[in-house]
2 protein chains.
Amino acid sequence: MNHLHQIYQVIWQSRPLMQAAEAAVERGLEGSGLTVRMRAVLEILADGGAATVPDIAQRLEIKRQYVQLMINDTHAAGFTEAVPNPRHQRSKLIALTEVGQRLITQVMQREKELLKRIGGDLPDGELGITLKTMQQLIARLKSATEEKTP
Amino acid sequence: MNHLHQIYQVIWQSRPLMQAAEAAVERGLEGSGLTVRMRAVLEILADGGAATVPDIAQRLEIKRQYVQLMINDTHAAGFTEAVPNPRHQRSKLIALTEVGQRLITQVMQREKELLKRIGGDLPDGELGITLKTMQQLIARLKSATEEKTP
DNA sequence: TCTTATTGACATTACAAATGTCATAATGAC
DNA sequence: GTCATTATGACATTTGTAATGTCAATAAGA
């Protein structure tokens, strides 16, 4: 297998990897009352604490309008609530409710256990190389794409 | 960075990698008259020769009904044509036209050059490890997801 | 031959996400 | 402090990818 073909392979394995990962997450959500997109919001909030809709959009790298829809869902389900934002009157902070906190903690715990089962035996060094390589490819692809079209 | 977090990172870098790769492909298609999904079909045909719609679907791992739509596009654009299939009366083989052949060859050549610019300096060994790791993760995620739900 | 599977063709639905728009409200420059 | 600019929420529309559903015609296999 030559060099170019190897790079090609690595790049295009990203799609099946992503699909497999998302399917696994979806599977783990069964019966929790969460959808994948609700989970994405809860994870952000669990990791970084309460945030505004535009903040969440930025972290998820999607448009704020779409995040609004997600938040509508999580609010309706009682997993999040709007709390006053000291730094902004209109733009409330979105915070986990107690129920939401408990749920996302449990979901993330289960995912952690899955990760352990799945990759517990992969050598640290190889994971590090993999991560580094993927990140380099991402950075270079991005800059090549943006080249001369800012 | 602990082990689990490393695996987590690798898995979730697959989405940005895929997005960056697709954006790069899209960029390279500008002005060619090809869309991303037309390109996918032409690539399959260029690699494996003429094939039926269900064959193509299987290789792309998507439903045949969706491939039909792609083929409609490529036929309409004159990049592919239906030729008689010795092994099946109704299910014609989809083949590249001369124009299609020339176009996909050129597109793939340009992509190859981009790959060279992007990853030419990545060590073979690291690429190999990356590919292996990604494939292991895919396989394990898949089997974990299918577990007890065949 | 007869039953079953495959195929093409077309319609419907689902989902993620982008984009468009508007009124309101917050911020920053002056 | 006023005024222009920007940010936000709320809602509507559109796009792209793909899955699903359905049906008639046809091909393959028992």
Side-chain angles (χ1 to χ4, degrees), chain A residues 12 14-16 18-23 25-27 29-30 34-44 50-76 80-95, chain B residues 12 14-16 18-23 25-27 29-30 34-44 50-77 80-95 145:
Chain A
W12 295 114
S14 66
R15 174 181 275 274
M18 195 205 71
Q19 287 175 336
E22 289 186 347
V25 166
E26 209 169 344
R27 177 81 198 288
L29 255 31
E30 278 170 17
L34 279 177
T35 62
V36 175
R37 76 189 205 180
M38 286 160 81
R39 181 202 162 283
V41 167
L42 299 201
E43 187 182 12
I44 294 282
T52 64
V53 167
D55 282 348
I56 299 170
Q58 202 178 358
R59 288 194 225 174
L60 289 175
E61 295 188 86
I62 56 181
K63 300 290 165 186
R64 70 189 172 80
Q65 285 90 336
Y66 189 54
V67 172
Q68 300 264 20
L69 301 180
M70 297 173 163
I71 297 291
N72 293 348
D73 293 342
T74 57
H75 276 185
T80 56
E81 61 189 350
V83 303
N85 182 356
R87 308 182 57 187
H88 199 293
Q89 230 65 1
R90 269 185 86 213
S91 191
K92 301 278 166 57
L93 285 173
I94 311 301
Chain B
W12 295 113
S14 65
R15 172 180 277 274
M18 195 205 70
Q19 286 175 336
E22 290 186 349
V25 166
E26 208 170 345
R27 177 80 197 288
L29 254 32
E30 277 169 18
L34 277 177
T35 63
V36 175
R37 73 189 209 180
M38 286 162 79
R39 181 202 161 283
V41 167
L42 300 201
E43 185 182 14
I44 295 283
T52 64
V53 167
D55 282 347
I56 298 170
Q58 203 177 359
R59 287 193 228 175
L60 289 175
E61 296 187 88
I62 56 180
K63 300 289 164 187
R64 67 188 173 82
Q65 285 90 337
Y66 189 53
V67 172
Q68 299 265 19
L69 301 180
M70 297 172 164
I71 298 293
N72 293 348
D73 294 341
T74 55
H75 276 186
T80 57
E81 61 189 350
V83 303
N85 180 357
R87 309 182 56 187
H88 199 293
Q89 231 64 359
R90 269 185 86 211
S91 191
K92 301 275 168 56
L93 285 173
I94 311 303
T145 303

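Fair warning: this is a prediction, and the values are worked out from it, not measured in the lab. Numbers restart at 1 for each chain; the letters A, B, ... are given by sequence-line order, proteins then strands.
- Dashed line: the shortest gap from a side-chain N or O of Y66(A) to OP1 or OP2 of dA16(C) is under 4.0 Å.
- For I62(A), taking side-chain heavy atoms from C-beta onward, the closest of the listed nucleotides dT7(C), dA18(C), dG20(C) is dA18(C).
- Summary of the strand contacts: L69(B) and Q65(A) both lie near DNA chain D, and taking for each the nucleotide with the nearest heavy atom, the more 5' one is attributed to Q65(A).
- Checking side-chain atoms of R64(A) against main-chain N and O of A57(A) turns up no donor-acceptor pair under 3.5 Å.
- Rounding to whole angstrom units, CD1 of residue I56(B) and P of dG8(C) are separated by 10 Å.
- Distance CG (D73(A)) to C1' (dC15(C)): 12 Å, rounded to an integer number of Å.
- Nearest nucleotide to the side chain of P54(B), out of dT7(C), dT20(D), dA10(D): dT7(C).
- If you take CD of Q19(B) and C1' of dG16(D), they are 14 Å apart, rounded to a whole angstrom.
- In this structure, the CE atom of M18(A) is 12 Å from the C1' atom of dA18(D), given to the nearest Å.
- For R37(B) and dG16(D), a side-chain-to-base donor-acceptor distance below 3.5 Å is absent, hydrogens and geometry of angles not being considered.
- Atom pair N72(A):CG and dC11(D):P shows a separation of 8 Å (rounding to whole Å applied).
- Atom CZ of R37(A) is separated from atom OG1 of T74(A) by 10.0 Å, given to the nearest 0.5 angstrom.
- For the pair I71(B) CD1 and dA18(D) P, the computed distance is 14 Å after rounding to whole Å.
- Nearest nucleotide to the side chain of V53(A), out of dG9(D), dT19(C), dT17(D): dG9(D).
- Rounded to whole angstrom, the span from the CD atom of E22(B) across to the P atom of dA18(C) amounts to 13 Å.
- Atom-to-atom distance recorded for K92(A):NZ and I71(A):CD1 is 13.5 Å, nearest 0.5 angstrom.
- In the set dA18(D), dA10(D), dG8(C), dG8(C) carries the atom at the smallest distance from any side-chain atom of Q68(B).
- Helix bend of the helix from dT1(C)-dA30(D) to dC30(C)-dG1(D): the angle between its two end axes, each built from five pairs, comes to 40° after rounding to 10°.
- Evaluation of the side-chain contact (heavy atoms from CB on, under 4.5 Å) rule for E22(B) yields W12(A), R15(A), M18(B) as partners, not counting sequence neighbours.
- At dG9(D), one or more side-chain N or O atoms of S91(A) fall inside 4.0 Å of OP1 or OP2 (strictly under the cut-off).
- Annotation for I56(B) and V67(B): closest pair CG2-CG1, 3.8 Å, computed over non-hydrogen atoms.
- Distance I94(A) CD1 to dT8(D) C1': 11 Å, rounded to the nearest Å.
- Distance check: N85(B) CG to D55(B) CG gives 8.5 Å after rounding to the nearest 0.5 Å.
- Considering only side-chain N and O atoms, R64(B) lies nowhere under 4.0 angstrom from the phosphate OP1 or OP2 of dC10(C).
- Note: I94(A) CD1 to H75(A) NE2 = 4.0 Å, rounded to the nearest 0.5 Å.
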